[in-house]
Amino acid sequence: MDMQWFLDRDAFAGLLGIRLLEAGPGYAKTAMDLTDQLKNGAGIAHGGAVFTLADLAFAVAANSHGKLSLAVAASISYVKAGKGKTLYAEAREVSLGGKMGTYAITITNDAGEAVAAFQGTVYRKDMPYTRETA
């Protein structure tokens, strides 16, 4: 499924160098190289950068059904210091209804270790949202 158009419209994700690796109905995987500019004062991944990586995977997965879906709740738990060359976020749909959708996103490093767990809920507006309607 081609959701690259969604990422291309997100200027902030572009500033962080986030890439879309995979997308399918209710699913997305993103990646971000951990440059010095994305590290905090302790030399590890900045929490805001990790959250944004997960948030983009969440948004792509939620909007993959062609209906404008906007976050109404999102939370993250950091379980390990964000270290390594690249971080990945993999979003999976947990529940999809007419008006709401829930997603679980796992953030890992290039060694496959969990760095954070993110969960989010979207409100699904009654309007199409595709490459053609965006």
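Only a predicted model underlies this, so the values are computations on that prediction, with no experimental measurement involved.
Heavy-atom minimum distance, Tyr103 versus Leu96: OH-CD1, 4.0 Å. The shortest non-hydrogen separation linking Ala57 to Ala89 is CB-O, 3.9 Å. Between Arg124 and Gly97, the shortest heavy-atom distance links the atoms NH1-O, 2.7 Å. Looking at every heavy atom in both residues, Thr133 comes nearest to Thr130 through OG1-N, 2.8 Å. Closest heavy-atom contact between Ser64 and Gly26: OG-N, 2.8 Å.
Glu90 is linked by a salt bridge (charged side-chain N to carboxylate O under 4.0 Å, His left out) to Arg92, counting only residues two or more places apart in sequence or in another chain. Residues forming a side-chain contact (heavy atoms from CB on, under 4.5 Å) with Gln4 (at least two apart in sequence, or on another chain): Asp2, Leu7, Asp8, Leu20.
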Tell me which donor-acceptor pairs under 3.5 Å the side chains of residues 114-122 have, and how far apart each pair is, sequence neighbours excluded?
none

With a cut-off of 3.5 Å and sequence neighbours excluded, list every side-chain donor-acceptor pair involving residues 72-87.
unit_1	atom_1	unit_2	atom_2	d
Tyr78	OH	Gly47	O	2.8
Thr86	OG1	Asp33	OD1	2.9

Indicate every side-chain donor-acceptor pair of residues 37-44 with a distance under 3.5 Å to a residue at least two apart or in another chain.
unit_1	atom_1	unit_2	atom_2	d
Gln37	OE1	Thr35	OG1	3.3
Asn40	OD1	Ala42	N	2.9
Asn40	OD1	Gly43	N	3.3
Asn40	OD1	Ile44	N	3.3

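Judged as a salt bridge (charged side-chain N to carboxylate O under 4.0 Å, His left out), not a single pair has a partner in residues 42-62 (not counting sequence neighbours).
Between the side chain of His46 and the backbone N or O of Gly48, at least one donor-acceptor pair lies under 3.5 Å.
Here OG1 of Thr30 is found 4.0 Å from CG of Leu53. Values are rounded to the nearest 0.5 Å.
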